[in-house]
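Just the heavy atoms: all of them, side chains too, but no hydrogens, waters or symmetry mates, feed the values below.
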Amino acid sequence: MNRRFSSRFGLVALALFAVLTLSSCNKKSDESADNNSSPPSPTTAESSPSPASSPTSASTQKLGIAPKGTDCPTDSPVKAVTSKKLGKIYLTTKSPQYKTIKPEKCFADVDSAKQAGYGASQ
């Protein structure tokens, strides 16, 4: 009878341990679900300014012109793109990737591209 009691006690203890372990895992997933359901509000440094409220974006709009297909007009040969890895970059006609890149904007010169927030490609 003593052996039967210790076996039952061991099974009950094991079952209780399993229930507690599983219930604590469930709480962690509930907490992470609560954290994911309401994303934190962006701070002023992280939020992008709206085009109407930002004076630099208005000047950026005036600096660059829309490309014609995959090419820029001859009077605005500097191509500007936004890369996931490199960010906002510009390419001149001397850049090796110039012919393969489809621009987002075209600029008359490098200074205009820099003023609009684009940097040189690496």
Side-chain angles (χ1 to χ4, degrees):
M1 183 156 153
N2 194 12
R3 188 171 190 177
R4 183 187 268 184
F5 179 71
S6 66
S7 296
R8 283 188 183 171
F9 182 74
L11 283 174
V12 169
L14 184 61
L16 183 60
F17 178 72
V19 168
L20 290 174
T21 303
L22 292 174
S23 67
S24 69
C25 290
N26 207 11
K27 286 182 184 177
K28 287 181 184 176
S29 66
D30 288 345
E31 289 173 4
S32 55
D34 289 341
N35 290 341
N36 290 338
S37 65
S38 60
S41 61
T43 61
T44 55
E46 294 174 349
S47 64
S48 60
S50 64
S53 66
S54 176
T56 56
S57 66
S59 64
T60 301
Q61 294 293 333
K62 292 177 185 176
L63 291 174
I65 61 170
K68 295 178 180 176
T70 59
D71 292 324
C72 288
T74 54
D75 61 337
S76 299
V78 179
K79 291 183 178 183
V81 296
T82 302
S83 166
K84 289 182 181 179
K85 287 184 178 180
L86 302 174
K88 294 172 78 171
I89 60 170
Y90 65 83
L91 297 135
T92 63
T93 54
K94 295 178 182 177
S95 301
Q97 306 92 351
Y98 183 82
K99 292 190 182 220
T100 62
I101 298 296
K102 181 179 178 186
E104 295 169 3
K105 287 194 170 211
C106 300
F107 294 97
D109 55 19
V110 171
D111 291 333
S112 299
K114 286 181 181 178
Q115 192 175 12
Y118 292 89
S121 64
Q122 305 299 338

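- Atom OG1 of T82 is separated from atom CD1 of I89 by 8.5 Å, given to the nearest 0.5 angstrom.
- Using modelled atom types, no side-chain atom of S95 and backbone atom of Q97 make a donor-acceptor pair closer than 3.5 Å.
- No side-chain donor-acceptor contact under 3.5 Å links K88 to the backbone of A113.
- Not one N or O on the side chain of S76 forms a donor-acceptor pair closer than 3.5 Å with the backbone of P73.
- With contacts defined as side-chain heavy-atom distances shorter than 4.5 Å, the pair V78/C72 does not qualify.
- Residue Y98 forms a side chain to side chain contact (heavy atoms under 4.5 Å, CB included) with just one option from T93, T92, D71, and that option is T93.
- Hydrophobic cluster membership differs between Y118 and L86, with clusters built from Ile, Leu, Val, Met, Phe, Trp and Tyr side chains linked at under 4.5 angstrom.
- Taking both residues in full, the closest heavy atoms of G69 and P103 are given as O-CD, 4.4 Å, listed atom of the first, atom of the second, then distance.
- Between K114 and V110, the closest side-chain pair of non-hydrogen atoms falls below 4.5 Å.
- Under the 3.5 Å distance criterion, the side-chain polar atoms of K79 are left unmatched by any main-chain donor or acceptor of Y90.
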